[in-house]
Amino acid sequence: MSYSELLSPIKSFLKCDTPDKWIEQAKKPENLPVILRDHLACELKAGQTALFLIRKYAVDKESGKALIEWLEPYEDFLYRKQGDLHSLAKKNNLSKSIQPKKNSPYGKDLIDKMVLLIKEELHHFYQVLEIMVERDIPFDGITAGRYAKGMMKNVKTHEPDALIDKLIIGAYIEARSCERFAKLAPHLDDELCKFYVSLLRSEARHYQDYLALAQKIAGKDITERITFFGQIEAELISTPDTDFKFHSGVPLIV
Ligand SMILES: [Fe+2]
Ligand SMILES: [Fe+2]
């Protein structure tokens, strides 16, 4: 599949393109550290979100524990400054096979897709960190922007609607990441351009997996809900934002 074939469903799913003003900022060499630091944190966040979803909805207790242990070294690095590229090199392994909860209505499909997604996000995390180390860009913390929160605050409070909303939001975050990687890549140096293009395929699949799961779990038409979150997402992307991050809105340059 060519990149334009890969991107065209994403572009029609998203209600707006990344504004050129964001690209202008993101391509400035002085902003590369913030982009990479935030990208690193986003990869872990993506893994954590998937882990949260399957722990809460789909897997048994023991499996939940194994999943937490799997992510721990990455969290130690990001939040507690423990470990380094070298110690993380051999850490992307799940210690046991993941089993569904008894009577879980969500079962294996959700688990398999999310476990693969976590594995890929942790691999991306490692790849981003490798680039940062190579370029002497330290990880010195990053705060969360308004983007994910802006969507999450609209999640319904009852099930299964809450899960469906979270899966739709997951689809939007993945789709936006994919669109941004593609739009930013040609403005970056060769190594980063290649890396960002290499991420497109898995992020495009992640968006489709989230959406397909939402659809399947809902068992009814969810177009209206998708449109609802699509509008919120587009607003967060196309309105002025004082913060500059990987998923921020139109940069307000002071
Ligand atoms: Fe990723
Ligand atoms: Fe992803």
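Just follow the structure's listing: the first ligand is 1, and inside any ligand the first atom is 1. Values in this document were obtained by computation on a predicted structure and should not be read as measured data.
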Q: Taking atom types as modelled, find out whether N31 and Q25 have a side-chain donor-acceptor pair closer than 3.5 angstrom.
A: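 Yes, a side-chain donor-acceptor pair sits under 3.5 Å.
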
Q: Restricting to under 2.8 Å, identify the protein N, O or S atoms around the Fe ion (ligand 2) as residue plus atom.
A: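 Near the Fe ion (ligand 2), the protein supplies E121 OE2, E174 OE1, E174 OE2, E203 OE1, H206 ND1.
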
Q: Of I173, I168, L117, which is the lone residue that meets side chain to side chain contact (heavy atoms under 4.5 Å, CB included) with Y210?
A: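 Single side chain to side chain contact (heavy atoms under 4.5 Å, CB included) partner of Y210 among I173, I168, L117: L117.
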
Q: Does any non-hydrogen side-chain atom of E174 lie less than 4.5 Å from one of R205?
A: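 When only atoms from C-beta onward are counted, E174 and R205 do not touch, as no gap falls below 4.5 Å.
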
Q: Using distance alone, with no hydrogens and no angle criterion, decide if S202 and H124 have a side-chain donor and acceptor under 3.5 Å apart.
A: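 Present: a donor and an acceptor within the cut-off.
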
Q: Is the shortest distance from a Lys or Arg side-chain nitrogen in R176 or E179 to a carboxylate oxygen in the other one below 4.0 Å?
A: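 E179 and R176: salt-bridged.
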
Q: Tell me whether R225 is salt-bridged to D165, with the criterion being a basic N under 4.0 Å from an acidic carboxylate O.
A: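 Salt bridge present between R225 and D165.
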
